[in-house]
Amino acid sequence: MQKLQLWERYKNRLYHHAELDLSVDTSRMNFPDSYLEEMEPRLQKAFEEMAELEAGAVSNPDEQRMVGHYWLRAPELAPTPELTGEIKDTLASVKAFASSVHQGNIAAPDGHRFENLLIIGIGGSALGPQFVADSLGSPQDRMKVYFFDNTDPDGMDKVLAEIGPGLKRTLTVVISKSGGTKETRNGMLEARQAFEKGGLHFAAHAVAVTGSDSELDRTASQEGWLGTLPMWDWVGGRTSVTSAVGLLPAALQGIDIERLLTGARVCDQATRSRVTSDNPAALLALSWFHATAGKGERDMVLLPYKDRLLLFSRYLQQLIMESLGKELDRDGKKVLQGITVYGNKGSTDQHAYVQQLREGVANFFVTFIEVLKDREGASMLVEPGATSGDYLSGFFQGTRSALYEKDRESVTITIREISPASIGALIALYERAVGLYASLINVNAYHQPGVEAGKKAAGTVLKLQGEILDMLRRQPGRDFSCEDMAMTLARPEEVETVFLILRHLAANPAHEVGVVPGEKVWESRFRAAS
Ligand SMILES: O=P(O)(O)OC[C@H]1O[C@](O)(CO)[C@@H](O)[C@@H]1O
């Protein structure tokens, strides 16, 4: 298409929301002008399902749950006065807790204000808080934020080393909706040990965000933690960033959570429109449907031209892939759905994988995110007439056209600046786009049965490890190859798992397992170290 024709298409298609100062440009998606009309019946059905969801329908039937993340920023829309009250009370508690911490009314045991925040959680109980913390952090933050978001011991040691003696002024927020996630439990136990080693009483440094009566809830109340804030079964982990899960860490960091919620609320209003061309989330969902043939046939590459949006692709990876990546549709038909999401930031990626995007396998579409405001205040000129930010903008525009020239399609989202409101709006925009797209492809976006399989398998491995350790200790003088061990445990079919377990045990001192290397690595022999 010629440049002037593209300009006409740009003007015809550009969506702009004046209050949010947010635009969605679908002009570089090559769907025909008739596309919206063709998709209209499916879209109207998706809008209807969304309205039912917002009114309190059990939209996650597999788990028999309502789906209420939109109520978190408009509590008056919750289906019962009790829920409205709970949401409002929780927001008030978040603000009161954060302000008590900032004022030193809730203080470290040495009487000093808490200065650091160690957030422990995983998946939806970490990715949203991490994205918000990273995108909106500044030197003026009220507290310095750290994360344990895995059960990697070395990762935790690294964080603890960074905190160093600051641990005595560290508040720990343990976040788990279910309250039983092992990675988070392990992080909590490791943190507790670090506090105890420093002569500190963990409970006096800890607050929980979790579901009522969960394992974590019970631990927090038995041990007398500083407080517990609720998570509800009608908020999914990956859409929990505007609940206490995201709001408590953000408020403690000093981020204006009211503005974050306002941005989300205004975007929610915009994305409730049943006029497709006037609904930015519907335009995104339609673009995804066009790009992937509604079957995940192409990947979504996220290219924000802003360092502060670096973690957005990681956040969206869970939101989109855990929501859409489903074996079965809502009628039980095998569909193997999903959209693969990856990305980093521009223009950095121009010096990495953009080469393949332009010239290699054409199995993707791009979402560019453009931020108009370069920085607070004026920029220096890096050469006559140009700033660093002008270069960033130039590289964004250059990559968008270079890709389009090669028939690589893209959507561009433009926001004026990075602020609590614009981050709230981006979160709300994608939550709604995912919900609408899930309706278009007829999958349940709100459950995650596939994740359970990995968790169960990990449980089986840990159980087998227990049996192996038991056997090694009962026969301390004996060397076992993995095959001997599998046979002795009467689990010959598990020999590979036995080998992997033994090799890991021998590489770490905790269980005192010794190894005599074999000619081939799998011929090594293992014994309880005497
Ligand atoms: O908040 P929780 O219950 O610890 O769960 C953490 C994450 O684990 C998952 O269930 C996947 O394992 C995610 O959906 C969730 O965000």
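Whatever order the structure lists ligands and atoms in, that order sets their numbers, starting from 1. Counting from 1, the numbers follow the sequence of the chain as shown. Everything numeric in this text was worked out from a predicted model, so none of it was measured.
Using a 4.5 Å cut-off on side-chain heavy atoms (C-beta onward), R185 and T219 make no contact. In this structure, R272 and M50 have side chains that are not in contact, with every pair of non-hydrogen atoms separated by 4.5 Å or more. Between T242 and Y70 the shortest side-chain heavy-atom distance does not fall below 4.5 Å.
Per-residue contacts place S178 under 4.0 angstrom from the following atoms of ligand 1 (heavy atoms of the residue considered): 2 (P), 3 (O), 4 (O). Each of the following atoms of ligand 1 lies closer than 4.0 Å to a heavy atom of S125: 1 (O), 2 (P). Remark: ligand 1 atoms within the under-4.0 Å shell around heavy atoms of T181 are 2 (P), 3 (O), 4 (O), 5 (O).
For the 3.5 Å distance criterion, the side chains of T151 and E183 fail to qualify, holding no donor opposite an acceptor.
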Using a 3.5 Å cut-off and no angle test, enumerate the donor-acceptor pairs between side-chain atoms of residues 332-345 and protein atoms at least two apart in sequence or in another chain.
unit_1 : atom_1 : unit_2 : atom_2 : d
Q337   : NE2    : G294   : O      : 2.7
N344   : ND2    : D349   : OD1    : 2.8
K345   : NZ     : D307   : OD1    : 3.0

Listed pairs under 3.5 Å, donor-acceptor, residues 452-469 side chains, sequence neighbours left out:
unit_1 : atom_1 : unit_2 : atom_2 : d
T460   : OG1    : K456   : O      : 3.0
E467   : OE1    : R491   : NH1    : 2.9
E467   : OE2    : R491   : NH1    : 3.3

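I122 O, 3.7 Å is the protein heavy atom nearest to atom 7 (C) of ligand 1. At the top of the distance list for atom 12 (O) of ligand 1, counting protein heavy atoms only, stands V451 CG1, 2.8 Å. In this structure, the protein non-hydrogen atom closest to atom 16 (O) of ligand 1 is G124 N, 2.7 Å.
At least one heavy atom of K455 sits closer than 4.0 Å to an atom of ligand 1. At least one heavy atom of Q318 lies less than 4.0 angstrom from ligand 1.
Between Y430 and the choices Y437, F131, Y315, F312, the ring pair (Phe, Tyr, Trp, His ring centres under 6.0 Å) rule is met once, by F312.
Proximity of E322 to ligand 1, defined as any heavy-atom pair under 4.0 Å, is confined to the side chain (atoms from C-beta onward).
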